[in-house]
2 protein chains.
Amino acid sequence: MSTQHGGGAAPGAAGPIDDVSKAIIEQLQEDGRRSYANIGKAVGLSEAAVRQRVQKLTDSGVMQIVAVTDPLQLGFSRQAMLGIKADDDLVAVADRIAALNQVDYCLVTAGSFDILAEVICANDDDLLRLITRIRGIDGVLSTETFMYLSLRKQEYNWGTR
Amino acid sequence: MSTQHGGGAAPGAAGPIDDVSKAIIEQLQEDGRRSYANIGKAVGLSEAAVRQRVQKLTDSGVMQIVAVTDPLQLGFSRQAMLGIKADDDLVAVADRIAALNQVDYCLVTAGSFDILAEVICANDDDLLRLITRIRGIDGVLSTETFMYLSLRKQEYNWGTR
DNA sequence: AGTGAAACGACCGTAGA
DNA sequence: TCTACGGTCGTTTCACT
């Protein structure tokens with residue numbers, strides 16, 4: 001679970017990230033398995049120094065190195081963003097929605113929706129069941145569904161541009 | 001760029017992913033730098049076989065191993081989803097929006113918005129400038145802003161649950 | 001926080017079932 | 001598509017700056 005936007009104080013609180021660490025992150029955004037020695041050559045640091053910095057960055061939650069997948073190729077062909085209106089404690093409602101397996105992204109927002117949730121399903125039946133279930137969650141007043149038709153951009157490289 | 005939802009045919013078209021490959025993906029979702037030998041022990045395969053499968057999975061775009069970062073800890077404190085109405089060629093408009101640096105996620109949807117775009121900015125000034133710019137893009141009719149208040153869930157582990 | 005060196009382990013190409 | 005093996009390179013630990 002992330003710590004962004006109210007999820008709690010940063011665990012490591014590593015302070016501002018310097019340019020060398022940003023350069024390291026940039027390398028790992030291109031290829032999460034690039035060797036420390038290689039990164040060291042690119043950023044002008046020894047292999048051991050790179051490794052220490054990567055350790056710190058991951059420990060403090062600034063960065064994590066993970067596999068990200070293409071839902072379509074894994075058989076999940078229905079993706080949608082749900083705009084949700086809720087009452088009372090929005091965080092509590094959002095957490096109940098976030099607890100669902102098919103929800104991969106969930107947050108409290110300011111605007112005409114209180115909560116946004118991205119969901120991913122194998123087919124229309126699953127999606128319909130999921131929406132029905134979310135509408136039955138305590139505190140959920142209404143949902144509006146935005147079916148994904150064409151994903152045009154999805155980037156993971158933050159803070160290094 | 002992803003190939004999901006109309007972005008083009010799957011490059012590798014690797015066919016259905018079997019359970020062993022899913023197990024490998026699962027390992028790499030936990031830790032993108034886990035050694036192939038280690039993964040091999042977990043899934044019952046030799047190091048070389050794991051390596052070949054990972055190669056195929058990444059080449060075909062089923063999976064990529066990357067560093068993902070926490071925008072907040074990198075000094076980007078304003079995040080929002082924009083719901084956009086547009087005319088004519090939605091894909092063309094979405095691509096113009098997607099071309100902007102601060103846009104990290106952009107897609108064409110079915111629903112009361114035509115396009116959704118997630119944006120990330122250092123501060124309110126940057127965000128305001130960005131929204132103004134998007135509203136000036138050819139084909140954009142209107143935008144609605146959903147400011148992120150509290151991120152409750154963000155998961156990258158797809159297809160292995 | 002960084003470097004350098006030596007032992008260890010991972011990675012990669014190739015050959016073969 | 002997998003296993004087996006040897007050469008190469010990356011990683012890890014530790015002593016030092």
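Sequence lines set the chain letters: A, B, ... in the order given, protein chains first and strands last, and positions in each chain run from 1. Because only heavy atoms are used, hydrogens play no part in the values below, and waters and symmetry mates are left out as well, while side chains stay in. The structure presented is a predicted model; accordingly, all values stated were derived computationally and were not measured.
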Short N/O separations, protein against nucleotides 2-9 of chain D, under 3.5 angstrom:
| from | atom 1 | to | atom 2 | distance (Å) |
| --- | --- | --- | --- | --- |
| D:dC2 | OP1 | B:Arg53 | NE | 2.9 |
| D:dC2 | OP1 | B:Arg53 | NH2 | 2.5 |
| D:dT3 | OP2 | B:Ser46 | N | 2.8 |
| D:dT3 | OP2 | B:Ser46 | OG | 2.6 |

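- In this structure, A:Thr145 has no side-chain hydrogen bond (donor to acceptor under 3.5 Å, both in side chains) partners at least two apart in sequence or on a different chain.
- Within 4.0 Å of B:Arg34, counting heavy atoms only, lies no atom of the nucleic acid at all.
- Partners of B:Asp126 under the side-chain hydrogen bond (donor to acceptor under 3.5 Å, both in side chains) rule, at least two apart in sequence or in another chain, are B:Arg129.
- Within the structure, side-chain hydrogen bond (donor to acceptor under 3.5 Å, both in side chains) contacts touching residues 81-92 of chain B (residues at least two apart or in different chains) do not occur.
- With sequence neighbours left out, the side-chain hydrogen bond (donor to acceptor under 3.5 Å, both in side chains) criterion links B:Glu155 to B:Arg161.
- Here the range on DNA chain C touched by chain A, meaning any atom under 4.0 Å from one of its heavy atoms, is C:dA1 to C:dC11.
- The salt bridge (charged side-chain N to carboxylate O under 4.0 Å, His left out) check on A:Asp18 picks up A:Arg53, with sequence neighbours excluded.
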Sequence neighbours left out, cut at 3.5 Å: what donor-acceptor pairs do the side chains of residues 39-52 of chain B make with other protein atoms?
| from | atom 1 | to | atom 2 | distance (Å) |
| --- | --- | --- | --- | --- |
| B:Ser46 | OG | B:Ala49 | N | 3.2 |
| B:Glu47 | OE1 | B:Arg51 | NH2 | 3.4 |
| B:Glu47 | OE2 | B:Arg51 | NE | 2.9 |

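- Following rounding to the nearest Å, A:Arg33 (CZ) and D:dG10 (P) show an atom-to-atom distance of 14 Å.
- At a threshold of 4.0 Å, the pair A:Glu30-A:Arg34 counts as salt-bridged, since one of the basic side-chain nitrogens sits closer than that to a carboxylate oxygen.
- Every residue two or more places apart in sequence or in another chain that forms a side-chain hydrogen bond (donor to acceptor under 3.5 Å, both in side chains) with B:Asp124 is listed here: B:Arg78.
- Over its full length, the helix from C:dA1-D:dT17 to C:dA17-D:dT1 turns its helical axis through 40°, comparing axes from the five pairs at each end and rounding to 10°.
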Contacts under 3.5 angstrom, residues 130-141 of chain A side chains, donor-acceptor by atom type, not counting sequence neighbours:
| from | atom 1 | to | atom 2 | distance (Å) |
| --- | --- | --- | --- | --- |
| A:Thr132 | OG1 | A:Leu128 | O | 2.8 |
| A:Arg135 | NH1 | A:Thr143 | O | 3.4 |
| A:Arg135 | NH1 | A:Thr143 | OG1 | 2.9 |

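- Residue pairs meeting the salt bridge (charged side-chain N to carboxylate O under 4.0 Å, His left out) criterion with at least one member in residues 109-121 of chain B: none, sequence neighbours excluded.
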